[in-house]
Amino acid sequence: MVAADNIQKTPEGAKFDLIAYLKERQQLCEDALDKAIPIRYPEKIYEAMRYSLMAGGKRLRPILCLASCEMVGGTIEMAMPTACAVEMLHTMSLIHDDLPAMDNDDYRRGKLTNHKVYGEDIAILAGDGLLAYAFEYVVTHTQDVPLERVVRVIAHLGRATGATGLVGGQVLDLESEGKTDISLETLNFIHNHKTGALLEACVVCGGILAGASSEDEHRLSRYSRNIGLAFQIIDDILDITATQEQLGKTAGKDQKAQKVTYPSLWGLQESQAQAQQLIEDACRELEPFGEKALPLKALAHFITSRQC
Ligand code: GRG
(Lines give C-alpha, C1' and ligand atoms only; values in the text may rest on other atoms or scores of the structure.)
Protein backbone atom coordinates (compact mmCIF):
# COMPACT_ATOMS: atom_id res chain seq x y z
CA MET A 1 0.00 0.00 0.00
CA VAL A 2 1.44 3.40 -0.98
CA ALA A 3 0.40 6.21 1.35
CA ALA A 4 -0.17 9.80 0.23
CA ASP A 5 3.31 10.80 1.37
CA ASN A 6 4.82 8.00 -0.79
CA ILE A 7 5.97 6.13 2.30
CA GLN A 8 5.19 2.44 2.12
CA LYS A 9 4.58 0.68 5.41
CA THR A 10 5.42 -3.01 5.52
CA PRO A 11 3.11 -5.23 7.61
CA GLU A 12 5.79 -5.08 10.36
CA GLY A 13 5.43 -1.30 10.42
CA ALA A 14 8.85 -0.33 9.01
CA LYS A 15 8.74 2.65 6.64
CA PHE A 16 10.20 2.72 3.16
CA ASP A 17 9.80 5.33 0.42
CA LEU A 18 9.29 2.96 -2.50
CA ILE A 19 8.38 5.64 -5.04
CA ALA A 20 11.60 7.60 -4.44
CA TYR A 21 13.58 4.33 -4.44
CA LEU A 22 12.07 3.17 -7.74
CA LYS A 23 12.66 6.56 -9.37
CA GLU A 24 16.31 6.63 -8.34
CA ARG A 25 16.98 3.00 -9.30
CA GLN A 26 15.14 3.31 -12.62
CA GLN A 27 17.35 6.27 -13.54
CA LEU A 28 20.52 4.38 -12.57
CA CYS A 29 19.44 1.47 -14.79
CA GLU A 30 18.45 3.75 -17.70
CA ASP A 31 21.88 5.41 -17.62
CA ALA A 32 23.75 2.10 -17.39
CA LEU A 33 21.72 0.52 -20.22
CA ASP A 34 22.20 3.59 -22.39
CA LYS A 35 25.98 3.30 -21.99
CA ALA A 36 26.00 -0.48 -22.45
CA ILE A 37 25.05 -0.48 -26.13
CA PRO A 38 26.51 2.37 -28.20
CA ILE A 39 25.61 2.56 -31.87
CA ARG A 40 28.35 1.13 -34.11
CA TYR A 41 28.59 -0.19 -37.65
CA PRO A 42 26.31 -1.76 -38.92
CA GLU A 43 24.10 0.88 -37.30
CA LYS A 44 20.76 -0.73 -38.14
CA ILE A 45 21.14 -3.67 -35.76
CA TYR A 46 22.32 -1.49 -32.85
CA GLU A 47 19.44 0.91 -33.45
CA ALA A 48 16.96 -1.99 -33.43
CA MET A 49 18.48 -3.42 -30.22
CA ARG A 50 18.38 -0.01 -28.56
CA TYR A 51 14.86 0.75 -29.82
CA SER A 52 13.36 -1.95 -27.57
CA LEU A 53 15.95 -1.82 -24.78
CA MET A 54 15.51 1.91 -24.25
CA ALA A 55 11.72 1.93 -24.68
CA GLY A 56 11.04 2.25 -20.96
CA GLY A 57 9.48 -0.48 -18.92
CA LYS A 58 9.48 -0.72 -15.16
CA ARG A 59 13.06 -2.06 -14.97
CA LEU A 60 11.87 -4.38 -12.22
CA ARG A 61 14.37 -7.13 -13.06
CA PRO A 62 17.56 -5.04 -12.86
CA ILE A 63 16.25 -3.28 -9.76
CA LEU A 64 15.63 -6.66 -8.07
CA CYS A 65 19.17 -7.75 -8.96
CA LEU A 66 20.74 -4.61 -7.45
CA ALA A 67 18.54 -4.81 -4.34
CA SER A 68 19.41 -8.44 -3.72
CA CYS A 69 23.15 -7.81 -4.09
CA GLU A 70 22.99 -4.89 -1.64
CA MET A 71 20.87 -6.82 0.86
CA VAL A 72 23.52 -9.55 1.03
CA GLY A 73 26.31 -6.99 1.54
CA GLY A 74 27.46 -6.25 -2.03
CA THR A 75 27.42 -2.96 -3.94
CA ILE A 76 25.47 -1.53 -6.88
CA GLU A 77 28.68 -1.50 -8.93
CA MET A 78 29.22 -5.24 -8.43
CA ALA A 79 25.75 -6.07 -9.75
CA MET A 80 25.16 -3.43 -12.45
CA PRO A 81 26.55 -5.43 -15.43
CA THR A 82 24.34 -8.39 -14.46
CA ALA A 83 21.40 -6.03 -13.89
CA CYS A 84 21.87 -4.68 -17.44
CA ALA A 85 22.18 -8.24 -18.77
CA VAL A 86 18.88 -9.39 -17.25
CA GLU A 87 17.11 -6.41 -18.82
CA MET A 88 18.72 -7.30 -22.19
CA LEU A 89 17.49 -10.90 -21.82
CA HIS A 90 14.01 -9.74 -20.78
CA THR A 91 13.84 -7.30 -23.70
CA MET A 92 14.96 -9.93 -26.23
CA SER A 93 12.24 -12.26 -24.96
CA LEU A 94 9.65 -9.49 -25.44
CA ILE A 95 10.86 -8.79 -29.01
CA HIS A 96 10.59 -12.48 -29.95
CA ASP A 97 7.31 -12.94 -28.05
CA ASP A 98 5.74 -10.10 -30.08
CA LEU A 99 6.67 -11.62 -33.47
CA PRO A 100 3.86 -12.81 -35.77
CA ALA A 101 5.06 -16.41 -35.30
CA MET A 102 4.43 -16.09 -31.53
CA ASP A 103 2.03 -13.59 -29.89
CA ASN A 104 1.77 -11.29 -32.92
CA ASP A 105 1.51 -7.97 -31.10
CA ASP A 106 1.72 -4.45 -32.52
CA TYR A 107 2.48 -2.54 -29.33
CA ARG A 108 4.92 -2.97 -26.47
CA ARG A 109 5.97 -0.49 -23.80
CA GLY A 110 3.65 2.05 -25.42
CA LYS A 111 5.45 1.92 -28.78
CA LEU A 112 5.19 -0.07 -31.98
CA THR A 113 6.80 -3.48 -31.59
CA ASN A 114 10.30 -4.06 -32.93
CA HIS A 115 9.20 -6.00 -36.03
CA LYS A 116 6.61 -3.34 -36.89
CA VAL A 117 9.41 -0.77 -37.11
CA TYR A 118 12.38 -2.80 -38.39
CA GLY A 119 10.75 -5.83 -40.04
CA GLU A 120 10.69 -9.43 -38.82
CA ASP A 121 14.20 -10.27 -40.04
CA ILE A 122 15.87 -7.46 -38.12
CA ALA A 123 13.64 -8.00 -35.04
CA ILE A 124 14.76 -11.64 -34.82
CA LEU A 125 18.38 -10.52 -35.14
CA ALA A 126 17.94 -7.70 -32.61
CA GLY A 127 16.72 -10.31 -30.11
CA ASP A 128 19.63 -12.60 -30.96
CA GLY A 129 22.06 -9.68 -30.62
CA LEU A 130 20.74 -8.80 -27.15
CA LEU A 131 20.81 -12.45 -26.08
CA ALA A 132 24.47 -12.93 -26.97
CA TYR A 133 25.57 -9.50 -25.73
CA ALA A 134 23.96 -10.03 -22.31
CA PHE A 135 26.40 -12.86 -21.56
CA GLU A 136 29.38 -11.04 -23.06
CA TYR A 137 28.52 -7.96 -21.02
CA VAL A 138 28.51 -9.77 -17.67
CA VAL A 139 31.92 -11.31 -18.39
CA THR A 140 33.59 -8.18 -19.76
CA HIS A 141 32.14 -5.59 -17.36
CA THR A 142 31.85 -7.21 -13.94
CA GLN A 143 34.54 -5.84 -11.62
CA ASP A 144 35.67 -6.56 -8.07
CA VAL A 145 33.85 -9.89 -7.98
CA PRO A 146 35.71 -13.24 -7.77
CA LEU A 147 35.68 -15.00 -11.16
CA GLU A 148 34.06 -18.11 -9.70
CA ARG A 149 30.96 -16.05 -8.80
CA VAL A 150 30.81 -14.55 -12.30
CA VAL A 151 30.93 -18.05 -13.81
CA ARG A 152 28.06 -19.14 -11.57
CA VAL A 153 26.04 -16.11 -12.65
CA ILE A 154 26.59 -16.97 -16.32
CA ALA A 155 25.44 -20.56 -15.71
CA HIS A 156 22.36 -19.35 -13.81
CA LEU A 157 21.40 -16.88 -16.55
CA GLY A 158 21.82 -19.57 -19.21
CA ARG A 159 19.58 -21.96 -17.27
CA ALA A 160 16.92 -19.29 -16.74
CA THR A 161 16.87 -18.32 -20.42
CA GLY A 162 17.08 -21.62 -22.30
CA ALA A 163 14.87 -24.70 -22.53
CA THR A 164 15.03 -25.09 -18.73
CA GLY A 165 13.56 -21.58 -18.35
CA LEU A 166 11.97 -19.00 -20.64
CA VAL A 167 12.23 -21.06 -23.82
CA GLY A 168 10.69 -24.16 -22.17
CA GLY A 169 7.84 -22.11 -20.68
CA GLN A 170 7.15 -20.43 -23.99
CA VAL A 171 7.01 -23.79 -25.82
CA LEU A 172 4.40 -25.13 -23.42
CA ASP A 173 2.48 -21.84 -23.64
CA LEU A 174 2.38 -22.11 -27.44
CA GLU A 175 1.28 -25.74 -27.21
CA SER A 176 -1.52 -24.78 -24.82
CA GLU A 177 -3.04 -22.26 -27.23
CA GLY A 178 -6.65 -23.01 -28.07
CA LYS A 179 -6.92 -25.68 -25.35
CA THR A 180 -9.46 -25.13 -22.60
CA ASP A 181 -8.49 -28.10 -20.41
CA ILE A 182 -5.15 -26.74 -19.14
CA SER A 183 -4.60 -27.81 -15.53
CA LEU A 184 -3.35 -25.56 -12.73
CA GLU A 185 -0.19 -27.67 -12.67
CA THR A 186 0.50 -26.95 -16.36
CA LEU A 187 -0.33 -23.26 -15.92
CA ASN A 188 2.10 -23.06 -13.00
CA PHE A 189 4.78 -24.85 -15.05
CA ILE A 190 4.37 -22.38 -17.92
CA HIS A 191 4.66 -19.32 -15.73
CA ASN A 192 7.33 -20.63 -13.37
CA HIS A 193 9.45 -21.00 -16.51
CA LYS A 194 8.27 -18.23 -18.81
CA THR A 195 8.13 -15.48 -16.18
CA GLY A 196 9.48 -16.90 -12.91
CA ALA A 197 12.84 -18.27 -14.05
CA LEU A 198 14.28 -14.91 -15.09
CA LEU A 199 12.91 -13.11 -12.03
CA GLU A 200 14.52 -15.80 -9.89
CA ALA A 201 17.82 -15.40 -11.75
CA CYS A 202 17.79 -11.63 -11.11
CA VAL A 203 17.46 -12.07 -7.36
CA VAL A 204 19.70 -15.13 -6.96
CA CYS A 205 22.46 -13.72 -9.20
CA GLY A 206 22.45 -10.50 -7.16
CA GLY A 207 23.05 -12.66 -4.10
CA ILE A 208 25.73 -14.79 -5.79
CA LEU A 209 27.69 -11.67 -6.81
CA ALA A 210 27.65 -10.48 -3.19
CA GLY A 211 28.87 -13.88 -1.95
CA ALA A 212 25.62 -15.17 -0.42
CA SER A 213 25.82 -18.39 1.61
CA SER A 214 24.01 -21.37 0.14
CA GLU A 215 21.31 -21.00 2.81
CA ASP A 216 20.78 -17.37 1.78
CA GLU A 217 20.74 -18.35 -1.88
CA HIS A 218 17.93 -20.80 -1.12
CA ARG A 219 16.01 -18.09 0.72
CA LEU A 220 16.44 -15.73 -2.25
CA SER A 221 15.31 -18.47 -4.58
CA ARG A 222 12.14 -19.18 -2.56
CA TYR A 223 11.42 -15.42 -2.25
CA SER A 224 11.75 -14.94 -6.00
CA ARG A 225 9.75 -18.00 -7.01
CA ASN A 226 6.88 -16.69 -4.92
CA ILE A 227 7.07 -13.16 -6.34
CA GLY A 228 7.41 -14.61 -9.87
CA LEU A 229 4.13 -16.46 -9.63
CA ALA A 230 2.44 -13.48 -7.97
CA PHE A 231 3.77 -11.26 -10.78
CA GLN A 232 2.14 -13.49 -13.41
CA ILE A 233 -1.19 -13.71 -11.55
CA ILE A 234 -1.29 -9.89 -11.44
CA ASP A 235 -0.28 -9.78 -15.13
CA ASP A 236 -3.31 -11.97 -15.92
CA ILE A 237 -5.57 -9.75 -13.79
CA LEU A 238 -4.28 -6.57 -15.47
CA ASP A 239 -4.94 -8.06 -18.91
CA ILE A 240 -8.63 -7.97 -17.89
CA THR A 241 -8.82 -4.82 -15.77
CA ALA A 242 -6.28 -2.37 -17.27
CA THR A 243 -6.41 -0.34 -20.47
CA GLN A 244 -4.00 -0.42 -23.43
CA GLU A 245 -2.75 3.03 -22.34
CA GLN A 246 -1.92 1.74 -18.85
CA LEU A 247 -0.29 -1.46 -20.11
CA GLY A 248 1.53 -0.04 -23.14
CA LYS A 249 0.42 -3.17 -25.03
CA THR A 250 -2.84 -4.63 -26.27
CA ALA A 251 -5.22 -5.29 -23.36
CA GLY A 252 -7.77 -8.11 -23.14
CA LYS A 253 -5.72 -10.48 -25.30
CA ASP A 254 -6.10 -13.52 -23.03
CA GLN A 255 -9.90 -13.41 -23.02
CA LYS A 256 -10.00 -12.82 -26.76
CA ALA A 257 -7.76 -15.84 -27.36
CA GLN A 258 -9.78 -17.79 -24.75
CA LYS A 259 -6.56 -18.55 -22.93
CA VAL A 260 -6.57 -20.37 -19.62
CA THR A 261 -5.29 -17.89 -17.03
CA TYR A 262 -5.37 -17.61 -13.23
CA PRO A 263 -8.51 -15.42 -13.26
CA SER A 264 -10.20 -17.85 -15.68
CA LEU A 265 -9.54 -20.69 -13.18
CA TRP A 266 -10.07 -18.81 -9.91
CA GLY A 267 -11.91 -15.56 -10.70
CA LEU A 268 -10.50 -12.07 -10.10
CA GLN A 269 -10.95 -11.87 -6.32
CA GLU A 270 -9.41 -15.26 -5.54
CA SER A 271 -6.53 -14.54 -7.96
CA GLN A 272 -5.77 -11.30 -6.09
CA ALA A 273 -5.91 -13.15 -2.76
CA GLN A 274 -3.56 -15.88 -4.02
CA ALA A 275 -1.09 -13.26 -5.26
CA GLN A 276 -1.22 -11.51 -1.89
CA GLN A 277 -0.54 -14.78 -0.07
CA LEU A 278 2.47 -15.49 -2.31
CA ILE A 279 3.88 -12.03 -1.53
CA GLU A 280 3.50 -12.61 2.20
CA ASP A 281 5.22 -16.00 1.89
CA ALA A 282 8.01 -14.34 -0.13
CA CYS A 283 8.58 -11.63 2.47
CA ARG A 284 8.75 -14.20 5.29
CA GLU A 285 11.82 -15.72 3.60
CA LEU A 286 13.67 -12.43 4.10
CA GLU A 287 13.13 -12.15 7.87
CA PRO A 288 16.75 -13.08 8.74
CA PHE A 289 18.00 -10.03 6.79
CA GLY A 290 16.16 -7.58 9.08
CA GLU A 291 16.03 -3.92 7.97
CA LYS A 292 18.28 -4.67 4.99
CA ALA A 293 15.38 -6.57 3.42
CA LEU A 294 13.11 -3.50 3.28
CA PRO A 295 13.70 -2.75 -0.45
CA LEU A 296 13.07 -6.35 -1.56
CA LYS A 297 9.98 -6.56 0.66
CA ALA A 298 8.65 -3.25 -0.70
CA LEU A 299 9.33 -4.44 -4.28
CA ALA A 300 7.36 -7.61 -3.55
CA HIS A 301 4.38 -5.56 -2.36
CA PHE A 302 4.72 -3.31 -5.43
CA ILE A 303 4.08 -6.38 -7.59
CA THR A 304 0.53 -6.77 -6.27
CA SER A 305 -0.30 -3.03 -6.21
CA ARG A 306 1.05 -2.17 -9.68
CA GLN A 307 -1.31 -0.86 -12.38
CA CYS A 308 0.88 -1.73 -15.39
C1 GRG B 1 14.89 -16.38 -24.21
C2 GRG B 1 16.15 -17.39 -26.16
C3 GRG B 1 14.90 -16.84 -25.63
C4 GRG B 1 13.81 -16.75 -26.42
C5 GRG B 1 12.54 -16.12 -26.02
C6 GRG B 1 9.60 -15.55 -26.53
C7 GRG B 1 10.22 -16.30 -25.42
C8 GRG B 1 11.44 -17.10 -25.70
C9 GRG B 1 9.73 -16.27 -24.17
C10 GRG B 1 8.58 -15.43 -23.76
C11 GRG B 1 8.88 -14.78 -22.45
C12 GRG B 1 7.85 -13.76 -22.05
C13 GRG B 1 7.45 -12.73 -23.04
C14 GRG B 1 7.35 -13.79 -20.82
C15 GRG B 1 6.38 -12.81 -20.29
C16 GRG B 1 7.02 -12.10 -19.15
C17 GRG B 1 6.25 -10.88 -18.74
C18 GRG B 1 5.18 -11.04 -17.73
C19 GRG B 1 6.57 -9.69 -19.27
C20 GRG B 1 6.09 -8.38 -18.80
O21 GRG B 1 7.08 -7.89 -17.91
P22 GRG B 1 7.03 -6.44 -17.30
O23 GRG B 1 5.61 -6.12 -16.88
O24 GRG B 1 7.38 -5.54 -18.56
O25 GRG B 1 8.07 -6.33 -16.24
P26 GRG B 1 8.22 -4.18 -18.60
O27 GRG B 1 7.90 -3.62 -19.97
O28 GRG B 1 7.77 -3.28 -17.49
O29 GRG B 1 9.67 -4.55 -18.49
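Note that the structure is a prediction, hence the values are computed from the model and not measured. Counting starts at 1 for both ligands and their atoms, in listed order.
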Asker: Of the side chain and backbone of Arg61, name the one, both, or neither that has a heavy atom under 4.0 Å from an atom of ligand 1.
Answerer: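 The side chain, only.
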Asker: Using a strict 4.0 Å cut-off to heavy atoms of Gly57, name the atoms of ligand 1 that fall inside it.
Answerer: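 Those atoms are 26 (P), 27 (O), 28 (O).
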Asker: Checking contacts here: is it the side chain or the backbone of Gln170 that comes within 4.0 Å of ligand 1, counting heavy atoms only? Could be both or neither.
Answerer: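 The answer is the side chain.
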Asker: Under the side chain to side chain contact (heavy atoms under 4.5 Å, CB included) rule, collect the residues that match up with Met71, sequence neighbours excluded.
Answerer: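 Expected list: Leu220, Leu286, Phe289, Lys292, Ala293, Leu296.
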Asker: So is Thr161 in contact with ligand 1, going by heavy-atom distances below 4.0 Å?
Answerer: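 Contact check Thr161 vs ligand 1: positive.
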Asker: Between Arg108, His90, Met92, which one has a non-hydrogen atom sitting closest to atom 26 (P) of ligand 1?
Answerer: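 Comparing heavy atoms across Arg108, His90, Met92, the nearest one to atom 26 (P) of ligand 1 lies in His90.
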Asker: For Tyr51 and Tyr118, take the angle between the two ring planes, folded into 0 to 90°, and tell me which bin it lands in: parallel under 30, tilted 30 to 60, perpendicular over 60.
Answerer: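 Geometry flag for Tyr118 against Tyr51: perpendicular rings.
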Asker: Give the residue, atom name and distance (to 0.1 Å) of the protein heavy atom nearest atom 14 (C) of ligand 1.
Answerer: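 Looking only at protein heavy atoms, the one closest to atom 14 (C) of ligand 1 is Lys194 CE, 3.4 Å.
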Asker: Does Gln255 CD have over 12 foreign heavy atoms under 6.0 Å away?
Answerer: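 Count not over threshold, so no.
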Asker: Who pairs with Arg225 by side chain to side chain contact (heavy atoms under 4.5 Å, CB included), at least two apart in sequence or on another chain?
Answerer: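 Side chain to side chain contact (heavy atoms under 4.5 Å, CB included) list for Arg225, sorted by chain: Glu200, Ser221, Arg222.
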Asker: Asp235 heavy atoms, cut-off 4.0 Å: which ligand 1 atoms fall inside?
Answerer: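 Within the 4.0 Å cut-off of Asp235, ligand 1 contributes 18 (C).
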Asker: Do NZ/NE/NH1/NH2 and the carboxylate oxygens of Asp97 and Arg108 come within less than 4.0 Å?
Answerer: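 Salt bridge flag = yes for Arg108 with Asp97.
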Asker: Do the charged groups of Asp239 and Lys249 touch, with an N to O distance under 4.0 Å?
Answerer: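 Judged by the 4.0 Å cut-off on N to carboxylate O distance, Asp239 and Lys249 do not form a salt bridge.
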Asker: Using heavy-atom distances only, which candidate in Arg109, Arg306, Lys58 approaches atom 29 (O) of ligand 1 most closely?
Answerer: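 It is Arg109 that holds the nearest heavy atom.
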Asker: For atom 16 (C) of ligand 1, grab the closest protein heavy atom and report residue, atom and distance to one decimal in Å.
Answerer: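 Here the closest protein heavy atom is Thr195 OG1, 3.8 Å.
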Asker: Around atom 18 (C) of ligand 1, find the nearest protein heavy atom and jot down its residue, atom name and distance.
Answerer: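 Looking only at protein heavy atoms, the one closest to atom 18 (C) of ligand 1 is Phe231 CE2, 3.6 Å.
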Asker: Under a 4.0 Å threshold between the charged nitrogen and the carboxylate oxygen, would Arg50 count as salt-bridged to Glu43?
Answerer: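 Salt bridge flag = no for Arg50 with Glu43.
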Asker: Please answer: with hydrophobic residues joined when any side-chain heavy atoms are less than 4.5 Å apart, are Leu199 and Ile237 in the same cluster?
Answerer: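 Hydrophobic grouping puts Leu199 apart from Ile237.
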Asker: If hydrogens are left out, which of Val167, Val171, Asp105, Ile95 has an atom nearest to atom 4 (C) of ligand 1, that is, the closest non-hydrogen atom?
Answerer: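 Looking at heavy atoms only, Val167 sits closest to atom 4 (C) of ligand 1.
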